[in-house]
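One structure is given here, and the rest of the page talks about it.
Chain letters run A, B, ... following the sequence lines, proteins first and then strands; every chain starts at 1. Any value given below was found using the heavy atoms of this structure, including those in side chains, with hydrogens, waters and symmetry copies removed.
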There are 2 protein chains.
Amino acid sequence: MTDPARGTTQRNGTTSPRYGNRPTMKDVAARAGVGLKTVSRVVNSEPGVTPDTERRVQEAITALGFRRNDSARILRKGRTASIGLVLEDLADPFYGPLSRAVEEVARDHGALLINGSSAEDPAREQELVLALCARRVDGLVVIPAGDDHRYLEPEISAGVATVFVDRPAGRIDCDAVLSDSFGGARDAVAHLIAHGHRRIGFIGDQPRIHTAIERLGGYRAAMNDAALPVDEAWMSLGATDPSRVLAAAETMLSGPEPVTALFAGNNRVTVTAVRVLAAQPGRAALVGFDDFELADLLSPGVTVVAQDAAQLGRTAATMLFRRLEGAGEEPRQVVLPTRLISRGSGEIRPAHWS
Amino acid sequence: MTDPARGTTQRNGTTSPRYGNRPTMKDVAARAGVGLKTVSRVVNSEPGVTPDTERRVQEAITALGFRRNDSARILRKGRTASIGLVLEDLADPFYGPLSRAVEEVARDHGALLINGSSAEDPAREQELVLALCARRVDGLVVIPAGDDHRYLEPEISAGVATVFVDRPAGRIDCDAVLSDSFGGARDAVAHLIAHGHRRIGFIGDQPRIHTAIERLGGYRAAMNDAALPVDEAWMSLGATDPSRVLAAAETMLSGPEPVTALFAGNNRVTVTAVRVLAAQPGRAALVGFDDFELADLLSPGVTVVAQDAAQLGRTAATMLFRRLEGAGEEPRQVVLPTRLISRGSGEIRPAHWS
DNA sequence: CCCGGATTTGACAACGTTGTCCAGAGGCTA
DNA sequence: TAGCCTCTGGACAACGTTGTCAAATCCGGG
């Protein structure tokens, strides 16, 4: 036995398929009584094969249950027709539609999608990205967890098309598709101010994350535009697990001068905030970043700054394939607008996003 | 030029990396002044290399930006360390956690996950599955759209470990992990009957889909157990897009003898039903199959039959890897229980699932 | 009936890696 | 110092496919 990783018995010259030892073009060729290359031609629908020969080959393929081994094909051709998507957590309702949109664009280009969750851990992000590069994916869509992506430089200059989404790349110059976090946050807080709120709290993601900082900036800008003071105690950045958010919200909502409104920095924070406020007697107002299902059916409805996750994914994937098709332009940054969907009580209820 | 698919210029004997023409172990070996196999040994941390030699190789690897080509490795070793997951729609909140759970188990086994959405189209399911087989994934987790999977027979007997989830395979004998749709549905409807309802409507997925039939069966069983008559007009199976569900619900809720309660066959139906009922003056009761975020904060809270999507995925992936590790047992079918979470007004509100 | 050109076919190398196996260097014992 | 053993390193084939190129075959026209 020459290779213990393969089937139970070594090849013995017959063409019968064996468990774990799939038939190859060579087997098909032998069975059809033709040359190896002729099988390849039939499999790839290349011209120059007589109908009679083709029939014989097709019969052999069916009889043996042959299926082309794409690993070998990929090795030979140099393109894998697959792209990688690294995001934070596939289970998060924000990333599902994004992922699906990327997949749809990939499909239009005949590519498969390899998916990985970084769990917001920079080391795991890097590990995943490099594993994908070793697989020689043609391109990468990355929602970064870390803030230093110099490790990607050799890959990119070796031709791996790369687009960052939701957050820009750190310390390298690279394509990116972002939402207007700053503008969206400013709109959200301005909305609260317009409704008479003066003491407004912001609960956001960890300060390591770009969008968290941008949204905090938008919050500050809106308060500043309205000449309102900002108390340090009104701003809380950190993990988005329910316990942390709950604690932060309760602190802001208690004390001698509690906030009268909360601005939640992303969908997970918003959901926890909804729960906290539902349990409070004198309900504070709430605006959340990211829309979510049934937000309009809660009472009161939750006003949100909506970003179109699917559009983010679609745009990124489209940029990626354009780059793969050869355009060697400078890296671009695309910023998509957000949309304030007002659902405060007494206001009209617009249709749910999408 | 021997191969136009590769870089802009043919290899010329130097070892410098070139755009689209990555360095190989051969290049590293030349630069480090060692043999090819020695580089392989260093890359794979195999024993039998002196520290000095190893250092020289490592330097060459770094200098050239070498990264092992896993396509070649896969071809040689016969295992891809990747599994495929074919589901209906990654954007559906039911599949996100499931997918994540599969990924997590795969990760524990050092495997990557290739993801594809069938869009509930049997042809697309087959196309995806076969594309994954051509990539020689080690295993497949399939949420089937079609009902005839004989096309998978050659693949399975060639060693592709396959587990079906949520719905059983059609016309082949194969591992499957299911939720107790029948029992869950019966519990749901029994719950409504216990609360005094006599005319109960069921809106479910297309009759082609196994779970839809099972849940309809559970509905019938519960009605039958209570000796209640069932009107044909109370049962509607079909696509789960909002317009169809809306029409079905409105028909059931109108007329001389409207239903007083609805049982929704899955999460998408439930969401639409919530909207319909919210717009109705005399609110009918609602129980839904599948739990959803914030179901408890709607008023009234929505009682659901919860299935643990993550647990489905985890179980399936675990079975898959066990099979890969060699156990050649008979195909097994695992049925996971569902859990009725009662949230009707006036009742206690248990914590949200998970 | 034979020649020229077009068409069909197959032998062979290459893609980049890993498994096998052998050669050479170095150390130890007798 | 011969003989043996261990350790390190490298040559080579193989994985299954596709691109190149040349050989074989066929056809019609002169």
Side-chain angles (χ1 to χ4, degrees), chain A residues 1-7 10-11 15 17 20-30 32-57 61 64 66-81 134-136 158, chain B residues 1-7 10-11 15 17 20-30 32-57 61 64 66-81 134-136 158:
Chain A
M1 195 180 309
T2 54
D3 187 344
R6 298 196 52 81
Q10 72 276 45
R11 211 166 269 258
T15 56
N21 199 356
R22 304 193 64 144
T24 72
M25 286 192 178
K26 204 164 142 190
D27 301 322
V28 174
V34 301
L36 183 54
K37 181 65 214 210
T38 300
V39 177
S40 172
R41 271 190 271 260
V42 170
V43 169
N44 294 293
S45 313
E46 285 172 23
V49 180
T50 45
D52 181 59
T53 310
E54 169 157 6
R55 192 186 42 73
R56 290 215 317 285
V57 172
I61 287 177
L64 295 174
F66 167 80
R67 187 165 320 282
R68 181 177 62 198
N69 183 332
D70 272 348
S71 296
R73 170 170 231 256
I74 284 165
L75 174 60
R76 185 60 233 250
K77 305 201 70 138
R79 286 270 164 192
T80 56
R135 298 282 173 121
R136 294 293 188 269
Chain B
M1 192 180 310
T2 54
D3 186 345
R6 296 195 53 80
Q10 73 275 41
R11 212 166 269 257
T15 55
N21 198 355
R22 306 193 61 145
T24 71
M25 286 193 177
K26 205 164 142 190
D27 301 322
V28 174
V34 302
L36 184 54
K37 181 66 213 213
T38 301
V39 177
S40 173
R41 271 190 272 260
V42 171
V43 169
N44 295 294
S45 312
E46 286 171 22
V49 180
T50 45
D52 182 59
T53 310
E54 169 159 9
R55 193 186 39 73
R56 291 214 318 284
V57 172
I61 287 176
L64 295 174
F66 167 81
R67 186 163 323 279
R68 181 177 61 196
N69 183 332
D70 272 349
S71 297
R73 170 170 230 256
I74 285 165
L75 175 61
R76 183 62 232 248
K77 304 200 74 139
R79 285 272 163 191
T80 57
R135 299 281 174 121
R136 294 294 188 270

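- Between B:Arg76 and the phosphate of D:dA14, there is no side-chain N or O to OP1/OP2 separation shorter than 4.0 Å.
- In this entry the distance linking CD of B:Glu46 with P of C:dT17 reads 14 Å, nearest Å.
- As rounded to whole Å, 21 Å separates atom P of C:dA13 from atom NZ of A:Lys77.
- Taking 4.5 Å as the limit, some side-chain heavy atom of B:Ile61 sits within range of a side-chain heavy atom of B:Val57.
- Here A:Arg68 contributes atom CZ and A:Ser40 contributes atom OG; the two are 8.0 Å apart, rounded to the nearest 0.5 Å.
- Contact check, B:Arg136 against D:dG16: no side-chain N or O comes under 4.0 Å of OP1 or OP2.
- One atom, NZ of B:Lys26, and another, P of D:dA11, lie 12 Å apart when rounded to the nearest Å.
- In this structure, B:Ile74 atom CD1 and C:dT18 atom P are separated by 11 Å, rounded to whole Å.
- Rounded to an integer number of Å, the gap from CZ of A:Arg22 to P of D:dC15 is 16 Å.
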* Check against side-chain contact (heavy atoms from CB on, under 4.5 Å), B:Ser71 and A:Arg135 -> CA-CA 6 Å; B:Ser71 297; A:Arg135 298 282 173 121; over 6 Å; no
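- Atom CG of A:Leu75 is separated from atom C1' of C:dT17 by 8 Å (rounded to the nearest Å).
- Non-hydrogen atoms lying under 4.0 Å from DNA chain C are contributed by A:Val34, A:Gly35, A:Lys37, A:Thr38, A:Arg41, all within residues 32-42 of chain A.
- Contact annotation: the side chain of A:Asp70 never approaches that of B:Arg136 to less than 4.5 Å [non-hydrogen atoms, C-beta and beyond].
- Residues meeting the salt bridge (Lys or Arg N to Asp or Glu O under 4.0 Å) test with B:Arg56, sequence neighbours left out: B:Asp52.
- Nearest heavy-atom pair across B:Glu54 and B:Val49 is N-CG1, 3.8 Å.
- Taking every heavy atom of residues 49-57 of chain B and every atom of DNA chain D, pairs under 4.0 Å involve B:Val49, B:Thr50, B:Thr53, by number.
- With rounding to whole Å, B:Arg79 atom CZ is found 17 Å from D:dC15 atom P.
- In this structure, B:Arg73 and B:Asn44 have side chains that are in contact, with non-hydrogen atoms separated by less than 4.5 Å.
- Between A:Met25 atom CE and A:Asn69 atom CG the span is 9.5 Å, to the nearest 0.5 Å.
- Atom pair A:Asn44:CG and D:dT18:C1' shows a separation of 8 Å (rounding to whole Å applied).
- Here the OG1-CG distance, from B:Thr24 to B:Leu36, works out to 7.5 Å after rounding to the nearest 0.5 Å.
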